[in-house]
Amino acid sequence: MSEPVITEPTGWINLPDVSEKLGVSISKVHQMIKDGDLLSVRRDGIRLVPEELVANDTVRQHLPGVLTVLRDAGYNDEEAFRWLYAADPEVGGSAAAALGTWQAREVKRRAQALGF
């Protein structure tokens, strides 16, 4: 079985910029990551958040639930990132992209199926 093709986020946001965009302190951003409400991964030693996971001044609605399900299935943050960004034409490109569409519930359902 071949490795899934990983799509790239539309862009990356560093944690201070996430803090500013969400209107919360940097320590709150760190707590959101720790609690699984937001996903960050290290790139070149810097913790970054995929741009499309932060919509305007909030985190994508279904992201915390999906991250909880993925963590319950044993995924770490890097593995969750790869799952969210694996190419999936059935949900419009990737699970991460679909979180901002009507297919967000399908993404959550697919994540739940990983635990079985």
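Checked by atom type and distance alone, the side chain of Arg47 never pairs as donor or acceptor with a backbone atom of Leu15 at under 3.5 Å.
Taking OG of Ser94 as the reference point, atom CZ of Arg82 lies at 15.0 Å (rounded to 0.5 Å). In this structure, the separation between CZ on Arg105 and NE2 on His62 is 4.5 Å, given to the nearest 0.5 Å. To the nearest 0.5 Å, atom CD of residue Gln31 and atom NZ of residue Lys28 are 7.0 Å apart. Atom CD in Glu106 sits 10.5 Å away from atom OG1 in Thr101 (nearest 0.5 Å). The CG atom of Leu39 sits 9.0 Å away from the CG atom of Leu70 when rounded to the nearest 0.5 Å.
Taking each heavy atom of Val59 and Pro64 in turn, the nearest pair found is CG1-CD, 4.3 Å. Contact between Pro9 and Phe81 at its shortest, heavy atoms only, is CG-CE1, 3.8 Å. Pairing each heavy atom of Ser25 with each of Ser19, the nearest pair is C-OG, 3.4 Å. Between Arg42 and Gly45, the shortest heavy-atom contact is NH1-O, 3.3 Å. Contact detail for Glu79 and Gly74: the closest heavy-atom pair is OE1-O, 3.6 Å. For the residue pair Glu51 and Ile13, the shortest heavy atom distance occurs at CA-CD1, 3.8 Å.
Taking 4.5 Å as the limit, every side-chain heavy atom of Val41 sits out of range of all side-chain heavy atoms of Tyr85. Side-chain contact between Leu84 and Leu67 is present, with at least one heavy-atom pair separated by less than 4.5 Å. The closest side-chain heavy-atom distance from Ile46 to Trp12 is not below 4.5 Å.
Other residues, nucleotides and ligands place no more than 12 heavy atoms under 6.0 Å from the CD atom of Glu20.
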Practice prompt. Assess whether side chain to side chain contact (heavy atoms under 4.5 Å, CB included) is satisfied between Trp83 and Val66, documenting all intermediate values.
Written response: CA-CA 11 Å; Trp83 186 85; Val66 169; 4.0 Å; yes

Worksheet item: Between Arg71 and Asp77, does a salt bridge (Lys or Arg N to Asp or Glu O under 4.0 Å) hold up when you go through it step by step?
Response: CA-CA 8 Å; Arg71 286 182 173 173; Asp77 287 348; 2.7 Å; yes

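Among Val69, Asp88, Leu99, Leu63, the one residue that satisfies the side chain to side chain contact (heavy atoms under 4.5 Å, CB included) test with Val107 is Leu99.
A salt bridge links Arg110 and Glu90; the closest N-O separation between the charged side-chain nitrogens and carboxylate oxygens is under 4.0 Å. The residues Glu78 and Arg43 are annotated as salt-bridged, a charged nitrogen and a carboxylate oxygen being separated by less than 4.0 angstrom.
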